[in-house]
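Below is one structure, written out as structure tokens, with a few remarks after it.
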Amino acid sequence: QKEVEQDPGPLSVPEGAIVSLNCTYSNSAFQYFMWYRQYSRKGPELLMYTYSSGNKEDGRFTAQVDKSSKYISLFIRDSQPSDSATYLCAMKTGRRALTFGSGTRLQVQP
Amino acid sequence: DARVTQTPRHKVTEMGQEVTMRCQPILGHNTVFWYRQTMMQGLELLAYFRNRAPLDDSGMPKDRFSAEMPDATLATLKIQPSEPRDSAVYFCASGLVREDRLSTDTQYFGPGTRLTVL
């Protein structure tokens, strides 16, 4: 079993929809949680970063961490065709390098 | 606009050949990572360096892969001999570990080297 599980999708939604992307993990020592966005044939880029449990909002994006359930989410409001990409969750303890999920491919239809 | 650069962007080679991939981290960054991405396995960490010293290469097949940082502006990943199962996109990423933190929070990825081994 992988330490981080993520549904690969693809997830297809109409423009303007609210998107929910999720990851579950098994290592309770993870403290830092991130979401990366990867456009086709590009490298991943950091989208959101949270430490421990709670919510963090940045524009149309909200990252949510529930450490008791070992579950993290990324919500995208008013989704746009430009949001079409693969979204990777990533997490780590203080000392270790990042552990990535396998990524969820999102397609926002105009 | 500082960014990580990787060369070559694409490489097609035959089984048994040596492959060398190069990465120039962002100037001033002290941590460099090598990842491999495939559809089946996703993004896997192969090795990473801090201040040019290897910290962890446990994700790398030792018999054929090697990673080095000859200087602060160049990281290399070599495969010898290459095999078809090595076909993947190889990413380099760099980051800055500050004195008061245990590890970097933000990694900046390069555009990747798409390797095909026939």
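Protein chains get the first letters and strands the later ones, always in sequence-line order, with residue 1 at the start of each. All values reported here derive from a predicted model rather than from experimental measurement.
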Inset, instruction - Can you establish whether the number of heavy atoms outside B:R3 located under 6.0 Å from its atom CZ is more than 12? - result: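 Open: at most 12 neighbouring heavy atoms sit under 6.0 Å from CZ of B:R3.
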
Legend entry - More than 12 heavy atoms of other groups within 6.0 Å of A:R105 CZ: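 No, CZ of A:R105 has 12 or fewer neighbouring heavy atoms, counting only those of other groups under 6.0 Å.
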
Hey, which residues of [range] are touching chain A, say heavy atoms under 4.5 Å apart?
| range | value |
| --- | --- |
| residues 70-84 of chain B | none |
| residues 6-18 of chain B | B:R9, B:H10 |
| residues 110-118 of chain B | B:G110, B:P111, B:R114 |

Would you kindly confirm whether [X] and [Y] end up in one hydrophobic cluster when ILVMFWY residues are joined by side chain heavy atoms under 4.5 Å apart?
| X | Y | answer |
| --- | --- | --- |
| A:M91 | A:Y36 | no |
| A:V108 | A:L47 | yes |
| A:W35 | A:F61 | yes |
| B:F109 | B:L45 | yes |
| A:L88 | A:Y49 | yes |

Legend entry - Choice from A:E45, A:Q6, A:R41, A:K42 maximising heavy atom contacts with chain B below 4.5 Å: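 It is A:R41.
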
Legend entry - chain A contact via B:M40 - side chain, backbone, both or neither, heavy atoms under 4.5 Å: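 Looking at B:M40, just its backbone touches chain A.
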
Inset, instruction - Could you look at B:L43 and say if it's the side chain, the backbone, both or neither that has a heavy atom under 4.5 Å from chain A? - result: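 Interface part for B:L43: both.
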
Legend entry - B:Q37 vs A:T86 side-chain heavy atoms within contact, under 4.5 Å: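 Sidechains of A:T86 and B:Q37: no contact.
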
Inset, instruction - Scan residues 5-25 of chain A for pairs that pass ring-ring contact (aromatic ring centres under 6.0 Å, His included), counting only residues two or more places apart or in two chains. - result: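 For residues 5-25 of chain A: A:Y25-A:F30, A:Y25-A:F33.
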
Legend entry - The single option from B:Y35, B:F33, B:Y48 passing side chain to side chain contact (heavy atoms under 4.5 Å, CB included) against A:L98: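 Considering B:Y35, B:F33, B:Y48, a side chain to side chain contact (heavy atoms under 4.5 Å, CB included) with A:L98 is found only for B:Y35.
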
Inset, instruction - With rounding to the nearest 0.5 Å, note down the distance linking CG in A:L46 to OH in B:Y108. - result: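 That separation rounds to 7.5 Å.
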
